[in-house]
There are 2 protein chains.
Amino acid sequence: MLQNGSKRITSIKEIAKLAGYSIATVSNTLNDKGRIRPEVRQHILDICQKHGYIPNSAGRNLRRQKNETIGLMFYPSSSAIFRNVYYAEIMEALEFELERAGYDLLLSGHDSSIEPNVSPRFLRQGKVDGIILLGRFPRKRVVDLNDYGIPLIQLDGFRELLKVDYVTSDGYSASEQIVDHLVKLKHRRIAFVAYNHEDTNANQREAGFLAAVGKHHLSFAECKNIRDIGNTTEAYEMIKLMLESETPPTAIVAVNDTLAVELVDLLQKDGYSVPQDVSVFGFNDDADSKKSNPQISTVRIDKIKLAQTGAKMIIDRIESPDLPHQKASLPTELIHRDSVAIAKS
Amino acid sequence: MLQNGSKRITSIKEIAKLAGYSIATVSNTLNDKGRIRPEVRQHILDICQKHGYIPNSAGRNLRRQKNETIGLMFYPSSSAIFRNVYYAEIMEALEFELERAGYDLLLSGHDSSIEPNVSPRFLRQGKVDGIILLGRFPRKRVVDLNDYGIPLIQLDGFRELLKVDYVTSDGYSASEQIVDHLVKLKHRRIAFVAYNHEDTNANQREAGFLAAVGKHHLSFAECKNIRDIGNTTEAYEMIKLMLESETPPTAIVAVNDTLAVELVDLLQKDGYSVPQDVSVFGFNDDADSKKSNPQISTVRIDKIKLAQTGAKMIIDRIESPDLPHQKASLPTELIHRDSVAIAKS
DNA sequence: CTGAAAGCGCTTACAG
DNA sequence: CTGAAAGCGCTTACAG
């Protein structure tokens, strides 16, 4: 804490002069390096304290050739993270892990939907040692950013054929397990719903769904796969059409809990009962899924593990740029709640 | 974009050598400074592009004596921002403004509830030019951080008697207006509910409420002021006691929309109708308040203005550390929705 | 219009 | 256990 009156000292040189030791000794003291006599150490620390000395990070970074900073990108803009409950836990665990490893997290106001071909300034200015791409990203964007040559990973998203580390969850198996479960509950007409975003996680969930439909010899004509909707209202319009058809679905698998919760809400407003009329399964185990009435059956993703793995990956990549690429797909767990019941006969 | 095969060039010196010009000319080209012949400029730019040159920010920062980075703190930890819908819009506008001004936003995994006396590492390491304290902070924390002497502002929070710039919303007047409105609707028994956090915004809202109760000659005995609850369940227990008393409140003013929405939910589960049995007013105009059923009457805060003002304040403070302290309290607007009706007679 | 040179504050390998 | 010195990559005032 800076004492009243004294002017802040901003360089190690002045501290050294005041303390009567060399800048090397001050530096070593501050970084707990080398062998310093305890009383010298304390003397130097006192002086630093007294004059509110904060080391200049640029000097340190320049010399050490690293920033100890990792850039975080989210598509289309980092501010969108704040609108998404799902990422709260991931961000929490991510910050914790990076903090432990000595890294801070840099956000940028860059908006990819406005400037799709411009990279965020913190990249162009070399302020970060590496980048985490959180969530879904268009392929081109991942390619372009990766071409920069800066360490980069995808967290909760992936591009199988690119040379990019990633960690995501195994949505394929999760979808399979959901369908297995629904089939056990006598469901034969199951619909899958996801947004028309370019989203490899959604693709995986869809693929697992389709594979399971095939495996159980369900009718593909009766198990609709809705992937061309831009918002929940559009999704619901499609579902309503299906529900009013000759062969209505008895269960709906939504690509995430937000969609599931909103669909349940719309269904109820329209007079349908969940799960009596139709069962609904979600994904992600968001806070919302538990607040909903009925509580939504969903897929739990170990978000802490996801973040820990991602943190380790980006740090490994920064420290060893030539490491073989790491790809991880974490197992998931079905959470059974009240939005799923035996199929209406 | 780095071309295949060529090794990335990491210093302006090598670029200069390759281009056949001095580092001064390369630097000026990259920063659009001085007068460079257009063909020289293009030549240098081409070389940079070809070799994927990214300037070293530490070199630049060291020379220019600034980081172009602002630290963001949230209490008790920055990851908690992600749990709070209210801050989504503020963060969005804040990032936009800071980006425009050339600053990035640095987050830290620091957790004040675990280490209340330790400042975040980005501060100790001198990585930021200034700090934004977003939302409520304990007085001691503000004092300690401010004593560091680094430029600092409070955004959506304040400490009147400290020498700290701030911008917040005028919750005092908002509460007054709410009570004015409720009184017009014949309410005479109104309760105010807020958490027992150390939160100056909540204090202002409470003070405005109490002042208005006095102004309208309502009974302080019948207009309860609940400030000692730690969570919504506790709040509801108090409210239920009141509702079952001889003089039940006909309206409740909740310190924010999250609390309002949760209270409405609990009231309904207990068989009360909102607003028929009791009216509920919230604060902040969060997304939640509109999704609730009934939609919650609330107080709109111009979050974009809030963020813009905050961004300007911290930048002003960084550029002119000796500026007189700026204090702003933005006007608010009552939003009338369906959770408020004429008092039950 | 272009360049030579100083110097920002730090860490570290090395000498003693 | 301590210090002198080099050098990280950049911007800028100045000279020409």
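Within the structure, a side-chain polar atom (N or O) of B/Thr25 is placed less than 4.0 Å from OP1 or OP2 of C/dG3.
Picking from D/dT12, C/dT12, D/dC1 the nucleotide with the shortest atom distance to the side chain of B/Ala24 gives D/dT12.
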Applying the Watson-Crick and G-U criteria (both distances under 3.5 angstrom) with [ ] for crossing and | for other-strand pairs, one obtains for DNA chain D |||.||||||||.|||
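Per the geometry, CG belonging to B/Asn28 stands 13 Å off C1' belonging to C/dA4, to the nearest Å. Taking atom NZ of A/Lys33 as the reference point, atom P of D/dT2 lies 17 Å away to the nearest angstrom. Rounded to whole angstrom, the span from the CG atom of B/Asp32 across to the P atom of D/dT12 amounts to 13 Å. In this entry the distance linking CZ of B/Arg41 with P of C/dT2 reads 12 Å, nearest Å. Following rounding to the nearest Å, A/Tyr21 (OH) and D/dA4 (C1') show an atom-to-atom distance of 17 Å.
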Under 3.5 Å, which N/O atoms of the protein pair with N/O atoms of nucleotides 8-10 of chain D?
| residue | atom | partner | partner atom | Å |
| --- | --- | --- | --- | --- |
| D/dC8 | O3' | A/Gln65 | NE2 | 3.1 |
| D/dC8 | O2 | A/Arg63 | N | 3.4 |
| D/dG9 | OP1 | A/Gln65 | NE2 | 3.1 |
| D/dG9 | N2 | B/Gly59 | O | 3.0 |
| D/dC10 | OP1 | B/Tyr53 | OH | 2.2 |
| D/dC10 | OP1 | B/Asn56 | N | 2.8 |
| D/dC10 | OP2 | B/Ile12 | N | 2.3 |
| D/dC10 | OP2 | B/Tyr53 | OH | 3.2 |

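For A/Leu30, the CG atom counts as densely surrounded, since its 6.0 Å shell holds more than 12 non-hydrogen atoms of other residues, nucleotides or ligands.
As judged by a 4.0 angstrom heavy-atom cut-off over every strand, B/Arg35 is placed among the base-contacting residues.
One finds a salt bridge joining B/Asp32 and B/Arg41 here, because a Lys/Arg side-chain nitrogen approaches an Asp/Glu carboxylate oxygen to under 4.0 Å. For the pair B/Glu68 and B/Arg60, the salt-bridge criterion is met [side-chain N within less than 4.0 Å of a carboxylate O]. Ion pairing between a basic and an acidic side chain is recognised when a charged N comes within 4.0 Å of a carboxylate O; B/Glu198 and B/Arg159 show such pairing. Salt-bridge check for B/Lys312 with B/Glu97: failed, with every basic side-chain N at 4.0 Å or more from each acidic carboxylate O.
Contacts of B/Ser77 classified as side-chain hydrogen bond (donor to acceptor under 3.5 Å, both in side chains), with partners at least two apart in sequence or in another chain: B/Ser79.
Using bins of under 30°, 30° to 60° and over 60° for the plane-to-plane angle, the ring pair B/Tyr21/B/His43 lands in the perpendicular bin. The aromatic rings of A/Tyr87 and A/Phe74 sit perpendicular, their planes meeting at an angle over 60°, well past the 30° parallel limit.
When side chains are defined from C-beta on, A/Cys48 counts as touching A/Ile44, because their heavy atoms get closer than 4.5 Å.
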